[in-house]
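The structure under discussion appears below in the form of structure tokens.
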Amino acid sequence: MNIVACVKQVPDTEAQIKVKPDGSGIDEGGIKWVMNPYDEFGVEEALKMKEKFGGDVTIVCVGPARAMETIRTALAMGADKGIHISDPALENADAYTTASALAAAIKGVPYDVILCGQRAIDDDSGQVGSVLAELLGIPQVTVVTKVDVDGQKVKVVRPIEGAQLVIESALPAVITATKGLNEPRYASLPGIMKAKKKPVDVKDAAALGVSADAKAKVGKFIPPPARPPGKIICADDTPEGKAAEVAKLLREEAKVI
Amino acid sequence: MAKGVWIVAEHRDGALRKVSFELASTARKLADQTGDEVAAVVVGSGVEAMAAELGKYGVDKVFVADNAAFEPYTTDAHAAAVAKAVKDNDPAILLVGASAQGKDLAAALVGKLAAGLATDCTDVKIEDGKLVAVRPMYAGKCFGEVVFNAAPAMASLRPNVFPIVETAKAGAVVKFDAGVDAGALKTKVVEVQKEASGKIDVAEANIIVSGGRGMKGPEGYGILEELAGVLGAAVGASRAAVDAGWRPQSDQVGQTGKVVSPNLYIACGISGAIQHLAGMSSSKYIVAINKDNEAPIFAKADYGVVDDLFKVVPALTTECKKLMA
Ligand SMILES: Cc1cc2nc3c(=O)[nH]c(=O)nc-3n(C[C@H](O)[C@H](O)[C@H](O)COP(=O)(O)OP(=O)(O)OC[C@H]3O[C@@H](n4cnc5c(N)ncnc54)[C@H](O)[C@@H]3O)c2cc1C
């Protein structure tokens, strides 16, 4: 069974995000870059499938030169080879463009399953996996917490508001992973050594025949509105007194209960 | 030229979901600025009667694709149907709910329509006759104003953020054949496991009572459930509580859980790690109950209570019951 896992490099969740003064983007100074946590679930699931069914895991990533480190991390976890789509023209690519680049690269790779994270924690768009499926003309099941491959079919569990859906899909398909699917492994030291020698193909937009015209773009980045300073409720200093004061403020000042 | 403001109306178990009225009301407001009509697409089985209801919230025209193959929702069937209606009518703007189903549908439509989509928007407006969508990024650590270069300009709207406004319009039904062949569909819902009825999802709640590691264990949540019951709230959790197995994954709030913006968020025994704050800082009002007066959550709280939550929460439940009686 051949598996493709798509990964993106994003700022660590600890990162404070500072908007550039002209609103053209975020200040990348001091940011620690990591593999998107949702993609880690995808890579882990890909490795589990490989362990169960055999085959190859190919990592595909759109990102600048620094993203090679994230590809190497996935290879160190156990993936076999990588494709790095790196092109300054794709730096602010929207979901459609990114998925077009991924689709073009993946067309040259045999695959039965494609795993993506359900969203990247930087732009939080949650679109690339779905668009990729549409461009490849294969089915998709998104935001899943359980995956069972059985022959030419896959069964997944997808939580929605107030329910869990069990969905069956034909393969090949795109599956997008969310938290709860698995516990991603850490790369072992021998894994890290081996990863250095695994093949990674570097391609640009022209080689893939992808146009970088965005259908949507962030015209302006804005810092979040500052919250006015709050108050610490002291009342008569008993838990009951504080609770009564909060309830009263919520009712009379905030008017939310 | 693309023209008109469209929505995809979402329904479940035979009824329109609240987000559909939020979409309709918002679309009406935008269309009144551009001088356009509002149209809704309803895809399902036995859904024609929903058109009249949408009319109450400002929808002029309702495109209905009615077919047994559309129940229950699957991405391939619904995306194909909506894409057909959009391609045939060329709307300028398409709004979808940022619910589990809406997000899934919208992303597939981006692929089918070669369009641009702003996900989980908290504001939409018209500038120079065009849609500008405002959305949180980095789980709310910053916001982006999205502009579009393709039609339709698509935005999914965060549930519970946009007001519902009644404006009587025709809601005239236009039936269309989506040309979806049930036999060719590649995905199928084989089981729906419903959670305890009456449970409110954190992503759609007006009020969230949330507990973290300070709850000490799964039993601790009993007092939060009681408070939530009185307030009609959902119960949320920090990642620490979810990872400990105290609460289900679907309750996690934060950068790797749900990003929420209720009217009121009550954080109990949650320290306020950056990943948690990212997910809830856009709540209208925040109450923090924590015994550590240095906990970072207090920096975001409108009302902070420094005390033992096991004493404060039950007292708060009693007080709220009294006030709301
Ligand atoms: C990649 C990554 C992603 C993450 N994503 C998320 C996410 O999405 N959501 C999330 O929440 N976290 C996330 N985290 C984890 C985050 O960093 C914190 O570890 C977590 O939020 C801490 O949860 P907590 O506040 O419940 O626990 P703690 O930080 O342990 O805080 C417990 C609090 O309870 C208080 N307390 C204890 N007993 C009482 C009492 N009797 N009365 C009153 N107060 C009491 C303590 O004073 C303390 O402040 C993520 C971390 C990583 C690395």
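Letters go in sequence order (proteins before strands), and every chain restarts at 1.
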| query | A:Lys155: what forms a salt bridge (Lys or Arg N to Asp or Glu O under 4.0 Å) with it, not counting sequence neighbours? | reply | none
| message | Any carboxylate oxygen within less than 4.0 angstrom of a Lys/Arg side-chain nitrogen, looking at B:Glu319 and A:Lys248? | response | no
| field | A:Gln164 side, atom CD; B:Gln249 side, atom CD - distance, nearest 0.5 Å | value | 10.5 Å
| Nearest non-hydrogen partners of A:Val19 and B:Cys142, listed with the distance | CG2-CB, 3.8 Å
| said: Between B:Asp302 and A:Arg227, does any NZ, NE, NH1 or NH2 come within less than 4.0 Å of an OD or OE carboxylate oxygen? | reply: yes
| Hey, what do you get for CG (A:Leu165) to OG1 (B:Thr187), rounding to the nearest 0.5 Å? | 11.0 Å
| For the residue pair B:Ala139 and A:Asp124, what are the closest heavy atoms and their distance? | N-OD2, 2.6 Å
| Sub-3.5 Å donor-acceptor pair from the side chain of A:Arg158 to the main-chain atoms of B:Ala100, do we have one? | yes
| task | Might you work through the side-chain hydrogen bond (donor to acceptor under 3.5 Å, both in side chains) test for A:Gln140 and B:Thr75, ending with a clear yes or no? | result | CA-CA 8 Å; A:Gln140 53 179 293; B:Thr75 320; 5.1 Å; no
| message | At a 4.5 Å cut-off on heavy atoms, which part of A:Ala99 comes close to chain B: side chain, backbone, both, or neither? | response | neither
| Under 4.5 Å from a heavy atom of chain B, the part of A:Gln127 involved | both
| query | Will you find, in the side chains of A:Glu253 and B:Tyr303, an N or O donor that is under 3.5 Å from an N or O acceptor? | reply | yes
| Reported OH-to-OG1 distance for the pair B:Tyr138 and A:Thr13, which is rounded to 0.5 angstrom | 13.5 Å
| request: Write down the atom of A:Val166, the atom of B:Gln193, and the distance for their closest heavy-atom approach. | output: CG2-NE2, 3.8 Å
| said: Please classify the contact between A:Leu132 and chain B as side chain, backbone, both or neither, with a heavy-atom cut-off of under 4.5 Å. | reply: neither
| Which atoms form the tightest heavy-atom contact between A:Tyr96 and B:Gly111, and what is the distance? | CE1-O, 4.0 Å
| A:Val256 versus chain B, the contacting section by heavy-atom distance below 4.5 Å | both
| request: First locate atom CD of B:Gln275, then atom CD of A:Glu14, and finally report the distance between them rounded to the nearest 0.5 Å. | output: 4.5 Å
| remark: Counting heavy-atom pairs under 4.5 angstrom with chain B, the leader among A:Gly126, A:Gly162, A:Ser130 is A:Gly162
| Roughly how far, to the nearest 0.5 Å, is the CD1 atom of B:Ile274 from the CD atom of A:Gln16? | 4.0 Å
| remark: If one checks every heavy atom of A:Ala254 against chain B at 4.5 Å, the contacting part turns out to be both
| What part of A:Pro37 lies closer than 4.5 angstrom to a heavy atom of chain B: side chain, backbone, both or neither? | side chain
| Does the distance from a Lys or Arg side-chain N to an Asp or Glu carboxylate O, for A:Glu240 and B:Lys311, drop under 4.0 Å? | no
| query | From B:Glu145 CD over to A:Phe221 CZ, what is the distance, rounded to the nearest 0.5 angstrom? | reply | 11.0 Å
| task | Give a yes or no on whether a salt bridge exists between B:Asp243 and A:Lys179, defined as a side-chain N under 4.0 angstrom from a carboxylate O. | result | yes
